[in-house]
Number of protein chains: 2
Amino acid sequence: MEVMFERLANSTLRSRIAEQLRDAIVDGTLKTGERIVERKLAAQFGASLAVVREAIIQLEAEGFITKWPNTSTHVIQLSFAETEKIFAVRKVLESFAAEEAARRASPQDIESLQKLFMEIVDAARSQDSRKFVRKDLSFHEKIWQITDNEYLQSALRRVVVPLFAFSSIRVASHRSFDLLQDANTHLPLLNAIKSRDPRAARDALLSALTLWRSETVSVAEETSSQK
Amino acid sequence: MEVMFERLANSTLRSRIAEQLRDAIVDGTLKTGERIVERKLAAQFGASLAVVREAIIQLEAEGFITKWPNTSTHVIQLSFAETEKIFAVRKVLESFAAEEAARRASPQDIESLQKLFMEIVDAARSQDSRKFVRKDLSFHEKIWQITDNEYLQSALRRVVVPLFAFSSIRVASHRSFDLLQDANTHLPLLNAIKSRDPRAARDALLSALTLWRSETVSVAEETSSQK
DNA sequence: AACTTTATTATGATCGATCATAGTGAGTTA
DNA sequence: TAACTCACTATGATCGATCATAATAAAGTT
């Protein structure tokens with residue numbers, strides 16, 4: 001008899017450390033611009049400096065961390081201008097992803113998108129901002145995944161995910177009313193994908209992006225002033 | 001008196017090792033799919049295992065190297081399907097970059113693009129395939145750089161540069177006739193940017209891409225058969 | 001002979017220690 | 001007081017050694 005087992009957790013120590021750090025940055029546990037001290041992290045993880053450094057180097061290449069050689073290491077800090085540039089790229093990439101997703105989504109895909117959407121709404125209702133940001137990101141990542149194009153996914157991850165580090169700041173400072181409203185900005189996109197309409201998906205994504213952009217940019221302006 | 005000095009070369013050992021490896025992969029010195037043994041590299045570079053590993057991890061995140069945890073490390077090997085996916089993303093990203101470059105190119109930018117184009121032609125004439133590939137890539141990178149959008153640049157690097165590892169295979173196996181012809185496929189794009197016509201730049205890029213795609217894909221088909 | 005089990009080895013993963021740099025602050029000189 | 005020099009310290013960069021895994025070869029079992 002063939003029993004099904006869950007895939008084992010990320011094998012190497014490095015990848016697990018990288019994952020934890022990435023999550024912490026995305027959900028705001030590690031704040032934008034915050035200094036990272038390799039030795040401290042190593043002590044916290046109970047791991048050697050070497051693995052932690054390897055994880056950090058990986059995250060640097062993924063765009064979450066900035067290293068100043070021989071000086072210091074920080075969580076990325078996006079300026080206003082940088083945020084604008086990211087959104088310019090995001091527009092191009094994610095609208096393509098939305099189109100593709102609308103073309104290729106299977107019933108299961110749509111089901112799990114639907115589920116993720118409801119989890120976003122739940123998180124909004126319960127004012128759990130960390131969960132909100134994580135589910136929000138999961139929703140987007142699911143769309144990227146539906147495209148079945150790993151390169152599109154990885155480019156989007158590289159470019160878009162760091163933005164969520166800002167989201168978590170914004171989101172944490174708002175009231176539940178705003179969260180719910182924000183959650184609902186995902187609905188038109190979800191519906192367009194449901195009805196497998198690439199054009200509509202593209203349009204829905206683009207108009208939602210305009211909204212998200214202005215929200216994010218305003219946070220970037222505030223935080224960048226603290227140098 | 002104030003003397004001008006050149007910026008010193010890449011500071012850290014790791015970054016220099018990463019750079020050398022990247023170049024070697026791009027110009028075909030390290031072949032597609034080839035196994036990489038960390039210890040051997042460390043010995044060759046006269047450096048410790050740790051730094052070499054750090055460089056490798058960085059290059060993995062950049063898409064040049066694949067690590068099989070606890071098993072082995074290889075230069076990327078793109079399958080036919082993967083190449084197709086990359087070109088789908090490249091189309092979206094690089095056409096945007098071409099547009100932007102046409103909008104923003106300064107006279108100096110255009111001059112150095114022109115220069116790079118001539119260097120491509122030179123390399124083609126002298127049948128120096130390594131140089132050809134490197135200059136070809138430099139030409140594209142220059143365009144990306146003109147966009148003044150680091151995120152667009154890094155996404156393009158991540159997605160497109162690994163393709164050049166294939167180019168070097170293709171290019172090395174052809175006769176000079178083809179190299180020259182290939183060099184000239186860049187001309188319409190150059191001209192469109194020169195005349196600052198975003199629309200034309202986009203079109204030129206897209207039609208050249210169709211060509212490059214079919215060339216690259218054919219190599220991917222050959223090499224992927226070797227497992 | 002075919003198949004399983006057990007050394008052996010190659011090599012990736014991790015560690016603890018050391019080196020090197022850049023920022024800090026005490027001391028020194030003008 | 002200001003500016004410069006020089007330890008000192010924090011911490012990133014690098015190293016050499018060891019651990020752990022997976023592929024391979026050898027030995028054993030049926």
Side-chain angles (χ1 to χ4, degrees), chain A residues 5 7-22 24-25 30-77 226-227, chain B residues 2 5-22 24-25 30-77 226-227:
Chain A
F5 291 106
R7 178 185 199 77
L8 286 175
N10 251 338
S11 49
T12 68
L13 186 52
R14 161 172 62 92
S15 60
R16 277 174 285 150
I17 292 177
E19 191 176 328
Q20 288 204 43
L21 288 177
R22 201 184 296 111
I25 293 173
L30 280 174
K31 295 194 179 41
T32 281
E34 182 172 347
R35 178 161 190 191
I36 288 175
V37 176
E38 302 179 349
R39 273 175 171 73
K40 283 187 190 163
L41 280 187
Q44 288 183 266
F45 283 117
S48 76
L49 204 51
V51 255
V52 171
R53 275 181 59 86
E54 291 186 350
I56 286 177
I57 286 162
Q58 184 183 333
L59 292 175
E60 188 191 19
E62 291 175 10
F64 294 103
I65 283 179
T66 307
K67 286 192 81 122
W68 300 75
N70 275 313
T71 309
S72 61
T73 306
H74 295 262
V75 177
I76 33 125
Q77 169 71 291
Q226 72 192 36
K227 174 81 209 296
Chain B
E2 183 88 359
F5 291 107
E6 295 251 314
R7 177 184 198 77
L8 286 176
N10 250 338
S11 49
T12 69
L13 185 52
R14 162 171 65 91
S15 61
R16 276 175 286 151
I17 291 178
E19 190 176 328
Q20 287 203 44
L21 288 176
R22 201 185 296 110
I25 293 173
L30 280 174
K31 295 194 180 42
T32 281
E34 184 171 345
R35 177 161 192 192
I36 288 175
V37 175
E38 303 179 347
R39 273 175 170 72
K40 283 188 189 162
L41 281 187
Q44 287 183 268
F45 283 117
S48 76
L49 205 49
V51 254
V52 171
R53 277 182 58 85
E54 291 186 350
I56 286 178
I57 285 162
Q58 184 182 335
L59 292 175
E60 188 192 18
E62 291 176 10
F64 294 104
I65 283 179
T66 307
K67 286 194 82 132
W68 300 77
N70 276 313
T71 308
S72 60
T73 306
H74 296 262
V75 177
I76 34 123
Q77 168 70 292
Q226 72 192 30
K227 169 80 206 261

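No hydrogens, no waters, no symmetry mates; every other heavy atom, side chains included, goes into these values. First the proteins, then the strands, lettered A, B, ... as listed; each starts at 1.
Distance alone, capped at 3.5 Å, places no donor-acceptor pair between the B/Q58 side chain and the B/A55 backbone.
B/I36 has its side chain out of reach of B/H74: every pair of non-hydrogen atoms, C-beta onward, lies at least 4.5 Å apart. Inter-residue side-chain proximity for B/E54 and B/I57 is flagged as unmet; no heavy-atom pair is nearer than 4.5 Å.
Summary of the strand contacts: B/S72 and A/V51 both lie near DNA chain C, and taking for each the nucleotide with the nearest heavy atom, the more 5' one is attributed to B/S72. Between B/R35 and B/A50, the one whose closest nucleotide on DNA chain C sits nearer the 5' end is B/R35.
The pair B/E38-B/K67 counts as a salt bridge, with a side-chain nitrogen and a carboxylate oxygen less than 4.0 angstrom apart. A/R53 has no carboxylate O lying under 4.0 Å from a charged side-chain N of A/E60, or vice versa, which leaves the two without a salt bridge.
What separates CD of A/E38 from P of C/dT21 is a distance of 16 Å, to the nearest Å. Following rounding to the nearest Å, A/H74 (NE2) and D/dA10 (C1') show an atom-to-atom distance of 13 Å.
In this model, the phosphate group of D/dC15 is approached by a side-chain N or O of B/S48 to a distance below 4.0 Å at OP1 or OP2.
When each of D/dC15, C/dT14, D/dT11 is scored by its nearest atom to the side-chain atoms of A/V37, the top-ranked nucleotide is D/dT11.
Contacts with DNA chain D (heavy atom under 4.0 Å) in residues 53-68 of chain A: A/R53, A/K67, listed by number.
Of all non-hydrogen atoms in A/A61 and B/A61, the two that sit nearest each other are CB-CB, 3.4 Å. B/I76 and B/G63 get closest at one heavy-atom pair: CG2-O, 3.4 Å.
With values rounded to the nearest 0.5 angstrom, A/L59 atom CG is found 6.0 Å from A/I25 atom CD1.
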Quiz item: Once each nucleotide of nucleotides 18-23 of chain D is scored for protein heavy atoms under 4.0 Å, what B/S/- sequence comes out, 5' to 3'?
Solution: B--SSS

